[in-house]
Colleague: 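Can you keep this structure in mind? I'll have questions shortly.
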Amino acid sequence: MSKQSKIYLEKFISRKTISGRIKKLAKKINEDYKGKKPIFIGILNGSFIFLSDLIREIKVDCEIDFLKLSSYGDEKISSGKVTMLKDLNCEIENRDIIIVEDIVDSGLSVNFIKAIIEEKKPSSLRFASLLFKKEMSKLDFKIDYIGFKIDNKFVVGYGLDYAQQYRNLNAIYVLHSKN
Ligand code: PRP
């Protein structure tokens, strides 16, 4: 995007719709993990709002930790390389793990996460993502809990950024740019 381009945001998914969907995802997770004590691992930064809303709907005993990765830097297109900026603080061997992402776009990040988590021998590993780009994601495994499957739009808000901005917006917007 050139420095001259004008940015405007178009409301895409409302706060109310997001809340309703998160309650449904949490209900399913509560059923699936009955009697278990999963560890939710939020992938920073983007997942922090989704994770905080999701976790408050979780009724089973659980723990939380974070991994910090970066693949986009300040760009709109993935650099194609995932870097780990913060590792886990907990032991995950023989534990039930739920990875929490804001968006699965190219699938690069979740592929990377799957490989590093599986090395640590958890007893189970599942993925939750608020958004899933149906045209882009090239995965040979499924994302178990998906909030919304979306077309290939650049979205911001509710944790998702463009050049670190817009994470604070309480709904999801499509970011457009005009020259
Ligand atoms: C974003 C997002 C996901 C990842 C998805 O992270 O939060 O982790 O990209 O894209 P992919 O499926 O193409 O890998 P980003 O690297 O932008 O860092 P951020 O979470 O701090 O915004």
Side-chain angles (χ1 to χ4, degrees), residues 1 5 7 9-10 12-13 15 17-19 21-22 25-26 29 38-55 64-90 92 97-120 122 125-177:
M1 201 184 304
S5 36
I7 285 176
L9 303 178
E10 176 198 358
F12 182 45
I13 309 176
R15 179 74 190 88
T17 305
I18 297 170
S19 278
R21 186 69 191 126
I22 289 178
L25 290 181
I29 294 173
I39 307 177
F40 288 82
I41 298 178
I43 309 303
L44 294 170
N45 292 336
S47 72
F48 76 110
I49 296 182
F50 173 44
L51 177 64
S52 67
D53 281 348
L54 179 70
I55 208 78
I64 299 174
D65 199 359
F66 293 94
L67 262 181
K68 186 167 166 73
L69 304 180
S70 187
S71 68
Y72 282 74
D74 283 346
E75 304 303 323
K76 280 173 84 178
I77 298 168
S78 171
S79 63
K81 209 178 122 200
V82 184
T83 325
M84 190 189 301
L85 302 174
K86 181 212 164 285
D87 203 345
L88 294 173
N89 288 104
C90 62
I92 62 168
I97 304 301
I98 305 172
I99 301 294
V100 181
E101 269 284 25
D102 53 340
I103 186 165
V104 177
D105 190 333
S106 66
L108 203 72
S109 303
V110 283
N111 267 316
F112 177 85
I113 294 161
K114 185 169 186 275
I116 57 170
I117 296 290
E118 278 177 347
E119 260 180 29
K120 298 176 193 272
L125 174 60
R126 285 188 176 179
F127 288 83
S129 184
L130 181 65
L131 302 174
F132 180 90
K133 275 201 188 168
K134 51 193 180 202
E135 295 160 36
M136 302 283 289
S137 309
K138 292 176 195 71
L139 296 174
D140 52 13
F141 61 95
K142 70 171 180 144
I143 302 299
D144 307 274
Y145 307 103
I146 293 176
F148 304 93
K149 288 189 179 175
I150 64 168
D151 292 329
N152 189 20
K153 301 169 189 293
F154 193 87
V155 285
V156 296
Y158 197 77
L160 291 106
D161 74 311
Y162 171 57
Q164 303 306 326
Q165 262 194 77
Y166 309 117
R167 295 194 197 271
N168 56 312
L169 303 178
N170 76 357
I172 295 172
Y173 294 80
V174 176
L175 184 142
H176 298 279
S177 54

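Quick caveat: nothing in here was measured; it's all calculated off a predicted structure. We count ligands from 1, going down the list as the structure has it; atoms in each ligand are counted the same way.
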Colleague: Does a side-chain heavy-atom distance below 4.5 Å link D161 with N45?
Modeller: no

Colleague: Pull out every atom of ligand 1 sitting under 4.0 Å from any heavy atom of E101, numbered as shown with elements.
Modeller: 3 (C), 7 (O), 8 (O)

Colleague: Quick one, Y173 and L160 - any side-chain contact, counting heavy atoms below 4.5 Å?
Modeller: no

Colleague: Quick check on K133 - does any of its heavy atoms sit under 4.0 Å from an atom of ligand 1?
Modeller: no

Colleague: Kindly say whether C90 contributes a backbone atom to a donor-acceptor pair with the side chain of D65 at under 3.5 angstrom?
Modeller: yes

Colleague: Would a distance-only check, ignoring hydrogens and angles, find a side-chain to backbone donor-acceptor pair under 3.5 Å from R21 to I146?
Modeller: yes

Colleague: Just distances here: any N/O of G107 and N/O of ligand 1 closer than 3.5 Å?
Modeller: yes

Colleague: Is it true that D53 and R15 have a side-chain N and a carboxylate O under 4.0 angstrom from each other?
Modeller: yes

Colleague: Measuring from atom 13 (O) of ligand 1, which candidate in G42, A163, S106 has the nearest non-hydrogen atom?
Modeller: S106

Colleague: Between L108 and ligand 1, find which residue part has any heavy-atom pair under 4.0 Å and reply side chain, backbone, both or neither.
Modeller: both

Colleague: Could you list the atoms of ligand 1 found under 4.0 angstrom from a heavy atom of N45?
Modeller: 19 (P), 20 (O), 21 (O)

Colleague: So, applying side-chain contact (heavy atoms from CB on, under 4.5 Å) with I103, which one of I43, L130, V155 is it?
Modeller: V155

Colleague: For I43 and ligand 1, does the shortest N/O to N/O distance drop below 3.5 Å?
Modeller: no

Colleague: Can L44 be said to touch ligand 1, with heavy atoms closer than 4.0 Å?
Modeller: yes

Colleague: Relative to the ring of F127, is the ring of F141 parallel (under 30°), tilted (30 to 60°) or perpendicular (over 60°)?
Modeller: tilted

Colleague: Have a look at ligand 1 and work out which part of K68, if any, has a heavy atom under 4.0 Å from it: side chain, backbone, both or neither.
Modeller: neither

